Every structure is written in C-alpha cells, then in structure tokens.
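From a predicted model like this one, the values you see are computed outputs, not experimental measurements. Per chain, numbering begins at 1; letters A, B, ... match sequence-line order.
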Protein chains: 2
Amino acid sequence: MRDQADTDASVGAWTKRCYLAGRALMDATLRHYDLGSTQWYVLWHLAHNGASVQRDLGRALELERATLSGIISTLVRKDLVEQTSSGEDQRQRLLTLTGAGEALWRKLPDLSFIHETAFGGIDEAELATTVRVLQSATERLQTLLRKV
Amino acid sequence: MRDQADTDASVGAWTKRCYLAGRALMDATLRHYDLGSTQWYVLWHLAHNGASVQRDLGRALELERATLSGIISTLVRKDLVEQTSSGEDQRQRLLTLTGAGEALWRKLPDLSFIHETAFGGIDEAELATTVRVLQSATERLQTLLRKV
DNA sequence: CAAATATTGTATGGTAGCAAACGAAATGGA
DNA sequence: TCCATTTCGTTTGCTACCATACAATATTTG
C-alpha cells in the first residue's frame, strides 16, 4: 500500500493556513520540476526583470541575506542561475538565468494565479495595523525581559 | 560593531507577513527560554489539557506526524516532556510535562495575546473559500501534470 | 590618508515544515 | 483465523526561515 501523506493534519489558524496552503500548492506543482516555491520566485523575478544584483533581489522578494544566499547556492548547483561579480562593487554578486534556467522557465506552467490566490488580495491597512501591534508588543516584551 | 540582523528584509505578502511576523515575535520572546514557538504550543496544550496521546496532540495543534515527532524529540531531549507508552494501544505514546516542564511553564510570560494577535480573529468563511480554491487548483494542476 | 563603521555575501547551527518509506501494532474482512 | 489494510510513531532528506559570526570590500570620519 502506498504510504501517502496525512490528510487529517492541515495547518493551524488562518494566516498559517493560507500561507502554508499556498506554499504547499506551489510545492506540489513544482515538485515535478524539482523546484521549491521560493526558488520559483527567484526564477520569476529574474525572468521578468532580467539580471539582478543579489542584494536587490533580496529586497524585492523580501528575503534575508542568509536565506537568499542558501537558495541561490542550490539554484547555482542546479545550473539554473549564474553568479558573477558585478563590475562596480566587488562585494556584490550579479545573478543571471543560465540557458538551462531560461529553458526551464519556459516549460513551467503559469503559477501566477496561485500567487494571486494565496498571497494576493491584501488588505494593506489591516496588515499594517497587525504588524504594528506585533511590533510594539515585541518591544514591550523585549524591554521587560531585559530587566529580568 | 554588533552584527545585528537585517531590518530591511521583512517578509513577503500579507499571509506570509502575518504568519512569519507572529512566529518571529514569539521566537524573539521565547529565545530567552531556549524554546521555539511550536514547542511553546506543545507545552501550552499539555499545561492546559493535561497528558495527551501524541496523535491527539497532533490533531489539536494541526501538526503533521513527522513534524510533531521532531518537536517532541527535542522537548524530550530538553527534559520538558515525557513520552510513555499508553496502556491501551501499544502504538500510541502518552505525553506528559515533566517537573522541569511544569516549572518552566510557570516561569514563562503569558504569550496568549501574541497568539490572538497573530493567529486569532479568523474569518472562517473567507478562509474556507481560499482553501477550497487552492485545493481545486491543486487538483486541476495535478491532473494536467499526470497527463504530460 | 588612516581608522572606524557600514554593507554584502557566506557559513554554521538551530526551528519548522512536508514527503516518503519503514516497523510495529491494531483492525477488518474473507 | 489469517491476511490485507490502516494507523501511529520514527527516520531520512529536502525546502525555507532566522540569528550569529565572519571575511571582504566600501564608505565615512577624524
């Protein structure tokens, strides 16, 4: 018998559900192409905006340096992305799609509707409020903890 | 100079932002106690509901078997949770807080407001719709991909 | 200019999550 | 009863995320 994944354990409350459900959907689709969802975002950005310095890509996709660094290294290992030094600033790395990367991108089904469903439809005002509440709560707690 | 974490890289779109922001807040607070946010949820459940079979805990917190298994093993390693065999079903493991686990729980600040802010206030109808859309999209894509 | 500081990317180690495969135990049907 | 199936927990291997620390390079300041 096939030992398939549990279906009784979906994910927690709604932000978690929407976030992880969207990721799960993308992952399920991208598994056929041996790609992760964040890897897809990187290819997406490079395919639409052309070569990019790693720093800028990180800001655009709102990923931590360290996180992006890992993602990029696996994409380089898969020969989908190339990392060259950008002439100007010797610290920066310029990212470009390789031929294989462009070929794969053209083969991929259009996932932007997933992106929209899972991550779109944002109520920016509500988001801003939530984030502000969380931030001030963090600060209060941090202050309290420092005193202990 | 202190090499602190980037602050320019918050997280992506709003589900991601809310989900990860909530986790980040809990993690920042719990770091002082060497606890992760999901570990906190486990202690929380055990402290409020008493001993629990691992299967039931998994369903209550909506965690995958494999995910929970890992979490439990680190909590056992930290001697906060005990895993005994539940008399009836020899496959099941009964989880209880150890003395150290209860002591730690009593020391922890109340994080339920974070839980509420980050994960509460769910519009269940909207959630259900979103999840349904995502699921049918998954199925459509899976079918398409199987045919290729 | 030299020294202090900031920025960029990398590496390490941790948490959290999922899929797949496995053993052990329970259950259901022929 | 016996065999197939299901359930429960674990393990392995992967993605993704963060914090921390570090080297290398830029930039700012004295």
Side-chain angles (χ1 to χ4, degrees), chain A residues 1-12 16-17 19-21 23-28 30-31 34-42 53-59 61-78 83 85-86 88-95, chain B residues 1-12 16 19-28 30-31 34-42 53-59 61-78 83 85-86 88-95:
Chain A
M1 176 225 143
R2 177 122 169 287
D3 187 33
Q4 54 185 348
D6 293 349
T7 53
D8 59 351
S10 54
V11 274
K16 182 175 176 183
R17 275 206 185 121
Y19 173 59
L20 291 187
R23 293 309 254 219
L25 170 53
M26 298 186 70
D27 286 341
L30 291 168
R31 189 163 303 124
D34 189 29
L35 267 187
S37 48
T38 305
Q39 295 170 32
W40 180 87
Y41 277 99
V42 170
V53 163
Q54 191 162 324
R55 181 187 71 100
D56 298 332
L57 181 63
R59 289 213 219 276
L61 299 183
E62 306 190 49
L63 292 169
E64 293 277 343
R65 270 182 316 182
T67 303
L68 185 57
S69 185
I71 309 250
I72 296 299
S73 79
T74 80
L75 287 174
V76 167
R77 186 161 26 81
K78 291 178 184 174
Q83 214 177 15
S85 75
S86 86
E88 293 181 14
D89 190 328
Q90 288 304 110
R91 294 168 304 180
Q92 296 181 340
R93 301 300 171 88
L94 188 67
L95 302 175
Chain B
M1 177 227 147
R2 176 122 171 288
D3 186 32
Q4 53 185 351
D6 293 349
T7 53
D8 58 352
S10 55
V11 273
K16 182 176 176 182
Y19 173 59
L20 291 187
R23 293 310 253 219
L25 169 53
M26 297 186 71
D27 286 341
L30 291 168
R31 189 162 306 124
D34 189 29
L35 267 187
S37 49
T38 305
Q39 295 171 31
W40 181 86
Y41 277 98
V42 171
V53 163
Q54 192 163 324
R55 181 188 70 100
D56 298 333
L57 181 62
R59 290 214 218 277
L61 299 183
E62 305 189 50
L63 292 169
E64 293 276 344
R65 270 181 315 180
T67 303
L68 185 56
S69 185
I71 309 252
I72 296 300
S73 79
T74 80
L75 287 174
V76 167
R77 186 162 25 82
K78 291 177 184 174
Q83 213 177 16
S85 74
S86 86
E88 293 180 13
D89 189 327
Q90 289 305 109
R91 294 167 304 180
Q92 296 182 340
R93 301 298 172 89
L94 188 68
L95 302 174

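With rounding to the nearest 0.5 angstrom, the CZ atom of A/Arg93 is 7.0 Å from the OG atom of A/Ser85. Taken from CD1 in B/Ile72 to OG1 in B/Thr67, the straight-line distance is 11.5 Å, to the nearest 0.5 Å. Note that the CG atom of A/Leu57 and the CG atom of A/Leu63 stand 7.0 Å from one another [nearest 0.5 Å]. Residue B/Leu68 holds its CG atom at 12.0 Å from CZ of B/Arg59, rounded to the nearest 0.5 Å.
Side chain of B/Arg55, nearest nucleotide from C/dC18, C/dT15, D/dC8: D/dC8. In this structure, of C/dA16, D/dA26, C/dT8, it is C/dA16 that holds the atom nearest to the side chain of B/Thr38.
Here side chain to side chain donor-acceptor pair (under 3.5 Å) pairs that include residues 69-78 of chain B, with residues two or more places apart or in two chains, are B/Gln39-B/Lys78.
In this entry the distance linking CD of A/Glu64 with C1' of D/dA21 reads 15 Å, nearest Å. In this entry the distance linking CG of A/Asp27 with C1' of C/dA19 reads 11 Å, nearest Å. D/dG9 atom C1' lies 16 Å from atom CG of B/Leu75, rounded to whole Å. Computed from coordinates, the A/Leu63 CG to D/dC18 P distance equals 8 Å when rounded to whole Å. Summarising the geometry, the separation between CD1 on A/Ile71 and P on C/dG9 is reported as 15 Å, rounded to the nearest angstrom. If you measure from atom CG of B/Asp34 to atom P of D/dT20, you get 13 Å, rounded to the nearest angstrom. Look at CZ on B/Arg59: it is 5 Å from P on D/dC8, rounded to the nearest Å. When the P atom of D/dT15 is taken as reference, atom CG of A/Leu35 falls 10 Å away, rounded to whole Å.
Considering only side-chain N and O atoms, A/Gln39 lies under 4.0 angstrom from the phosphate OP1 or OP2 of D/dA16. Listed pair A/Thr67 / D/dA16 fails the phosphate criterion, with no side-chain N or O lying under 4.0 Å from OP1 or OP2.
Across the interface with DNA chain C, nearest-nucleotide mapping of A/Gln92 and A/Arg31 shows A/Gln92 to be the residue nearer the 5′ end. For the pair A/Arg77 and A/Glu88, nearest-nucleotide mapping onto DNA chain D gives the more 5' position to A/Arg77. Two residues, B/Gly36 and A/Asp89, neighbour DNA chain C, and the one matched to the more 5' nucleotide by heavy-atom proximity is A/Asp89.
Two residues are said to be in side-chain contact when any heavy atoms from C-beta on lie closer than 4.5 Å; A/Leu61 and A/Thr38 fail this criterion. The shortest distance between side-chain heavy atoms of A/Leu95 and A/Gln83 falls below 4.5 Å.
Taking only distance into account, the side chain of A/Arg91 meets the base of C/dT7 through a donor-acceptor pair shorter than 3.5 Å.
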Output one line per pair: protein atom, nucleotide atom from nucleotides 10-13 of chain C, and distance, for all N/O pairs under 3.5 Å.
unit_1 : atom_1 : unit_2  : atom_2 : d
C/dT10 : OP1    : A/Gln83 : NE2    : 3.0
C/dT10 : OP2    : A/Gln54 : NE2    : 2.9
C/dT10 : OP2    : A/Ser69 : OG     : 2.9

